[in-house]
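One structure is given below, encoded as structure tokens.
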Amino acid sequence: MSTENGQARGPALRILQLYPEQMNIYGDWGNTLTLQRRAQWAGFEVELLEHEIGGQMPSDVDLVVGGGGQDSGQVAIAPDLRRHGAQLREWAEADVPMLMICGSYQLFGHVFVPAAQDAGSEPLQGISILDVETRGSAQRLIGNLTVRTEQFGEVVGYENHSGLTSLGPDATALGRVAPFGEEDSTAGGNNGADGTEGAISRNVIGTYLHGALLPKNPVLADWLLGKAVLHRTGEDRYRAPEIDESITREARRVAMSRPR
Ligand code: GLN
């Protein structure tokens, strides 16, 4: 359905999934699938790439995604992620769009200190693409969440994490937790205290929202793909695919109507 004459609108987009074996919980793979499908429906070919522990990073990419994971998974990937930290920081500074969910979000910050009861609280040094720090707590933040953002409107998803994240001076929150009915609007998000959720710096987004996130938030998927096409072609060529989004709207309505 992509283009008038069926020709692809441009060179293939290279989408890189970081550590799909260890960092892929609560349906996070659905983010990669959504990006792939929306790009194809918009007329772009897609090359899906994966990076696992001990592997080589591909030469150039147009979009990087990372999912959530248990503390043990983060312990496993952290040394390898640091080995490739310079490359990932270089891509981030070159405005390559990135979406990091929960455990990956935490390791894109400066440090993640797992909760003692989980992985023995050895601090895991992150790769400092986002100015955030995370400390594991005995209390997990679990539940449905709607986040009000300036750039993407209301973003809806599900969170489940022990890590409490604080934003540094150079970090901008992705948004603020929306109150659910009479519920306290600071419940959940980065730390369950300051009402913020996620972080955004240049084209790098970190968030605690699983689900997967992108199927219920196509505006965010299209923003990421727009930045990816700009990176690949140097032109603002991406246009959201004209598809029936009625199921998306219904899924959002249901997700937003569910209490935490
Ligand atoms: N293991 C991390 C935590 O508990 C991340 C969890 C996740 O990715 N859902 O905070």
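Remember, it's 1-based here, ligands and their atoms both numbered in the order they're listed. Since the model is a prediction, treat every value here as computed from it, not as a measurement.
The shortest distance between side-chain heavy atoms of L145 and V177 falls below 4.5 Å.
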Would you be so kind as to tabulate the donor-acceptor pairs closer than 3.5 Å made by side chains of residues 217-225, with sequence neighbours excluded?
| residue | atom | partner | partner atom | Å |
| --- | --- | --- | --- | --- |
| N217 | OD1 | V156 | N | 2.9 |
| N217 | OD1 | R252 | NH1 | 2.9 |
| N217 | ND2 | V156 | O | 2.8 |
| N217 | ND2 | L213 | O | 2.7 |
| D222 | OD1 | R38 | NE | 2.9 |
| D222 | OD1 | Y238 | OH | 2.6 |
| D222 | OD2 | R38 | NH2 | 3.0 |

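At a 4.0 Å heavy-atom cut-off, ligand 1 touches N160 through the backbone alone.
Short contacts between ligand 1 and R140, defined as distances under 4.0 Å to a heavy atom of the residue, involve ligand atoms 4 (O). For ligand 1, the atoms closer than 4.0 angstrom to any heavy atom of D71 are 1 (N), 2 (C), 3 (C), 4 (O). Using a 4.0 Å cut-off to heavy atoms of I25, the atoms of ligand 1 that qualify are 7 (C), 8 (O), 9 (N). Every atom of ligand 1 is numbered from 1 in the order shown, and the set under 4.0 Å from a heavy atom of G68 is 8 (O).
The two residues A199 and V132 have their closest heavy-atom pair at CB-CG1, 4.0 Å.
The side chain to side chain donor-acceptor pair (under 3.5 Å) search around D170 returns none, not counting sequence neighbours.
The shortest N or O to N or O distance between C102 and ligand 1 is not under 3.5 Å. Residue G163 has at least one N or O atom closer than 3.5 Å to an N or O atom of ligand 1. Considering backbone and side-chain N/O atoms, Y26 never comes within less than 3.5 Å of an N/O atom of ligand 1. In terms of polar-atom proximity, Q70 is not counted as a contact of ligand 1, lacking any N or O under 3.5 Å from an N or O of the ligand. For G103, a nitrogen or oxygen atom sits less than 3.5 Å from a nitrogen or oxygen atom of ligand 1, counting backbone and side chain alike.
Aromatic ring pairs are classed by plane angle as parallel below 30°, tilted from 30° to 60° and perpendicular above 60°; the pair H210 and Y158 is tilted.
In this structure a side-chain-to-backbone donor-acceptor pair under 3.5 Å is missing from E159 to I142.
Side chains of T207 and E197: a donor on one and an acceptor on the other come within 3.5 Å.
A heavy-atom separation below 4.0 Å is not found between E159 and ligand 1. Within the 4.0 Å heavy-atom shell around ligand 1 one finds Q106.
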Would you check, one step at a time, whether the test side chain to side chain donor-acceptor pair (under 3.5 Å) holds for Q106 with Y208? CA-CA 9 Å; Q106 294 166 339; Y208 275 113; 2.9 Å; yes
